K.L.:
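I'd like to ask some things about the structure below.
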2 protein chains.
Amino acid sequence: MRKRKGAGRPTIADVAEKAGVSTITVSRALRDPSKVSDHLRRKINNAVRKLNYVPHSHASALASTRSNIVGVIVPSLTNNVFADTLRAIYDELDQGPFQVQLGNSRYVAKDEERLVRTFLGQGPSAMIIAGTDQTDATRELLQNAECPVVQIMEVGDDPIDMMVGFSHFEGGKAAGTHLMQKGYKRIGFLGARMDPRSHRRLEGFKDALRIGGRYDPDLIMTTTVSSSVSLGAELIGQLRARRSDLDAVFCNNDDLALGALFGCQKAGISVPDDMGIIGFNDLEMMAASHPSLTSIRTDRYAIGKRAVEMIKAELDGEVPEQKILDLGFELQQRESTSRQK
Amino acid sequence: MRKRKGAGRPTIADVAEKAGVSTITVSRALRDPSKVSDHLRRKINNAVRKLNYVPHSHASALASTRSNIVGVIVPSLTNNVFADTLRAIYDELDQGPFQVQLGNSRYVAKDEERLVRTFLGQGPSAMIIAGTDQTDATRELLQNAECPVVQIMEVGDDPIDMMVGFSHFEGGKAAGTHLMQKGYKRIGFLGARMDPRSHRRLEGFKDALRIGGRYDPDLIMTTTVSSSVSLGAELIGQLRARRSDLDAVFCNNDDLALGALFGCQKAGISVPDDMGIIGFNDLEMMAASHPSLTSIRTDRYAIGKRAVEMIKAELDGEVPEQKILDLGFELQQRESTSRQK
DNA sequence: TAACATTATGTTAGCGCTAACATCATAACA
DNA sequence: TGTTATGATGTTAGCGCTAACATAATGTTA
């Protein structure tokens, strides 16, 4: 008679035997306790403790065609913006039965699609995915996934399921408006990578400047190279070489803003007097720099936290009041745009 | 007669039927092709393609007691140091059959132990774990895991299985030596969080200063608060308030170094003339700052890349030439320690 | 040439859990 | 009071794949 070697640890059959019930009753006690009487629940939990039983996640996933995984797909692992949101997601999920499966789409829609296929093939309990620019195939896969799906970092009016984020267009607009309100006149834009969210910030910025009569397409400098502090210094140097009358910039993110500040310092340009600088996201370093840097603050931790809350609510059968949660942004004015004029 | 609803997608049985072989032959063709004849392998691969078959990872893991997961545990999701290494790990694994399962231990040895138990319970193909300060239980679990294990970010002489990193002690020592060689005399240390690696850097730094006759315990300032740029500015302010004769600092990491620079600028202290500053890791921003910041460079991407290479080699049955890979570090001298004296 | 070894493929049973259906006791309703 | 519904628990079979053993053809060695 053939014998298969198991993993060696206690199984649900061991718990059932010890508690004097059937295996499905143990399963119910752990997964759906309201279906089991108080008396039996106590006996079962006691047996679980005594045997140090841990459910076998692969067996459960196979039998139910559903796993305890929450798939999370972000476009970058090294961008601080996503790091805060990931930390919130991990913080919210770590004390429960779920596990995070993290995927890096590298800002490539097709890579994202491939990751979504792979993750959905494993029957995740939920999916969290950055942005609103998925391929048609990805949208369809997620719409048919039969699990909660939350798009994070942005809001739009066509959610796959749920959304938590803010308007990048409005954020860019607020940045442009702020610089004009501070009296800057020849206002530029520095942007790196130029993913869809970057484009939306740029469009909002342009909108504000058109309204204020200050839009000059010649002051827009962007590159598809990925963002860095060094790049910020380089871009402002290039823009100033081209247009020495530049007197303010809206940088697509904080790294570029910090780099722009360093670039100005190297060139002997006074910030904020001769150059106003505003960034986006309001990373921790913006307050510490000298001069401190103005930024559009976004609550990245709250985005991750609320996304998980929405998932848990939907899994619990609660109908959400709203499927789209706009957490907004705030203008955090600091020294870099506070010139006296 | 009861009927179970499967996941609906093609199974190995469908491929076997189409190729005219048994299911185990299909399985062998995909997992161990050398055991199947060329002729049958072609028929099977053809059937896989036609049916768009994707192996069911949960079923495979249950049947073999081994999954396609590589468990990776780091102490922080928001620390840029780990982000580079994680990016390398994802880059190396994404094109193959493996998937990353990422865990955040939050610098807590007991949380790390719990994560290791959870991950090992899922039969991972390999484990990557940061550092060398695991609990005894964690060490034992990993030693008995029967899969490749790589400790990253450090090297020591007692690996669980394999190690890729560098000596933090020697790195700290190099920083201290450098500052003395540049003529600084009252040299301090700024440290945050003070995890084991931070401690080793501090010990190396002290060693160097004792050798050079410059060690002053009063110039050591550390906190268990987690690191940030703002904290660097704060710590150097506090240290200077206490010891106005301070003329150089070795900062435990680059964020603190950048913050120390900002703090000096705010206080009107000339860097490098009146204050030398050196950081650790050499993040991208160090070259861009004004003045540019000296740092101990570490190759975090290479650490992740080599760790995965070692795992793949061990899974392929190759005996490694060496189980401990010291990638070393380099002193990257820049303006912040290049005073003319 | 016979005995033993190797290679390629197939069969059986089971890895651990749960969907789907079954059963029985108790509660609710007409 | 009889009928129907509900709640709690059990049984059967199977989710999809592979370990372990079996078989047959071919190769090697004494």
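Bear in mind that the values here come from a model prediction, so they are computed numbers and not experimental data. Quick note on labels: first sequence line is chain A, next is B, and so on, each numbered from 1.
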K.L.:
Can you measure B:His58 atom NE2 to C:dC17 atom C1' for me and round it to whole angstrom units?
P.N.:
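From B:His58 NE2 to C:dC17 C1': 13 Å.
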K.L.:
Examine D:dT18: is either OP1 or OP2 under 4.0 Å from a nitrogen or oxygen in the side chain of B:Ser27? Give yes or no.
P.N.:
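Yes, within the criterion.
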K.L.:
Which part of the nucleic acid does A:Thr65 contact within heavy-atom distance under 4.0 Å: base, sugar-phosphate only, or nothing?
P.N.:
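Counting heavy atoms under 4.0 Å across all strands, no contact is made by A:Thr65.
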K.L.:
Establish, with yes or no, whether the OP1 or OP2 oxygen of D:dT18 is under 4.0 angstrom from a side-chain nitrogen or oxygen of B:Ser60.
P.N.:
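Indeed, a polar side-chain atom of B:Ser60 lies that close.
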K.L.:
Just compare D:dG16, D:dA20, D:dT11 and give me whichever is closest to any side-chain atom of B:Ile24.
P.N.:
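So the nucleotide nearest the side chain must be D:dA20.
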K.L.:
Rounding to a whole Å, what distance do you find between A:Lys35:NZ and D:dA8:C1'?
P.N.:
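It works out to 10 Å between those atoms.
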K.L.:
Return the nearest nucleotide to the side chain of A:Val36; candidates are C:dT9, D:dT9, C:dC17.
P.N.:
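Shortest atom-to-atom distance from the side chain points to D:dT9.
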K.L.:
Relative to the 5' end of DNA chain C, which residue comes earlier, A:Ser64 or B:Thr25, by the nucleotide with the nearest heavy atom?
P.N.:
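Going by which nucleotide is closer to the 5' end, it is B:Thr25.
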K.L.:
Rounded to whole angstroms, how far apart are CZ on A:Arg31 and P on C:dC17?
P.N.:
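Nearest whole value for this atom pair: 11 Å.
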K.L.:
Tell me what A:Ser57 touches on the nucleic acid: a base, only sugar-phosphate, or nothing, going by heavy atoms under 4.0 Å.
P.N.:
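A:Ser57: no heavy atom of the nucleic acid under 4.0 Å.
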K.L.:
Between D:dC17 atom C1' and A:Gln122 atom CD, what is the distance in whole Å?
P.N.:
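My rounded result for the distance is 15 Å.
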K.L.:
Can you tell whether the side chains of B:Arg139 and B:Asp158 come within less than 4.0 Å, N to carboxylate O?
P.N.:
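Yes, B:Arg139 and B:Asp158 are salt-bridged.
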K.L.:
Does A:Ala59 or B:Ser34 map to a spot on DNA chain C nearer the 5' end, using the closest nucleotide for each?
P.N.:
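On the 5' side of the pair lies B:Ser34.
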K.L.:
Kindly compute the distance separating CD (A:Glu154) from CD1 (A:Ile303), expressed to the nearest 0.5 Å.
P.N.:
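Reported to 0.5 Å precision, the distance equals 10.0 Å.
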K.L.:
Counting only side-chain N and O atoms of A:Ser37, is one of them less than 4.0 Å from OP1 or OP2 of D:dA8?
P.N.:
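No, A:Ser37 has no side-chain N/O under 4.0 Å of OP1/OP2 on D:dA8.
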K.L.:
Look at all strands and tell whether A:Arg28 reaches a base, only sugar-phosphate, or nothing, counting heavy atoms closer than 4.0 Å.
P.N.:
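Answer is base: heavy atoms of A:Arg28 come under 4.0 Å of a base.
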K.L.:
So does A:Lys323 pair up with A:Asp161, basic N to acidic O under 4.0 Å?
P.N.:
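Looking at A:Asp161 together with A:Lys323, the answer is yes, because their closest N to O distance falls below 4.0 Å.
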K.L.:
Quick one, B:Arg117 and B:Glu113 - any side-chain contact, counting heavy atoms below 4.5 Å?
P.N.:
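A side-chain contact under 4.5 Å exists here.
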K.L.:
Using a cut-off of less than 4.0 Å, is there contact between a side-chain N or O of B:Ser22 and OP1 or OP2 of C:dG10?
P.N.:
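For C:dG10, OP1 or OP2 has a side-chain N or O of B:Ser22 closer than 4.0 Å.
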K.L.:
Does A:Glu309 pair with A:Arg306 as a salt bridge, N-O distance under 4.0 Å?
P.N.:
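A salt bridge is present here (some side-chain N lies under 4.0 Å from a carboxylate O).
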K.L.:
Whole-Å distance between D:dG14 P and A:Ile12 CD1?
P.N.:
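My rounded result for the distance is 20 Å.
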K.L.:
For the pair made of OH in A:Tyr53 and P in C:dG16, what is the distance, rounded to whole Å?
P.N.:
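Whole-Å distance recorded here is 10 Å.
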K.L.:
Starting at atom CG of A:Leu62, determine the distance to atom P of D:dC15, rounded to an integer number of angstrom.
P.N.:
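In whole Å, D:dC15 P lies 9 Å from A:Leu62 CG.
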K.L.:
Out of C:dT18, D:dG10, D:dC17, which nucleotide sits closest to the side chain of A:Thr23?
P.N.:
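Closest of the options to the side chain of A:Thr23: C:dT18.
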K.L.:
Whole Å only: how far is the CD1 atom of A:Ile44 from the P atom of D:dA8?
P.N.:
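Computing the A:Ile44:CD1 to D:dA8:P distance gives 13 Å.
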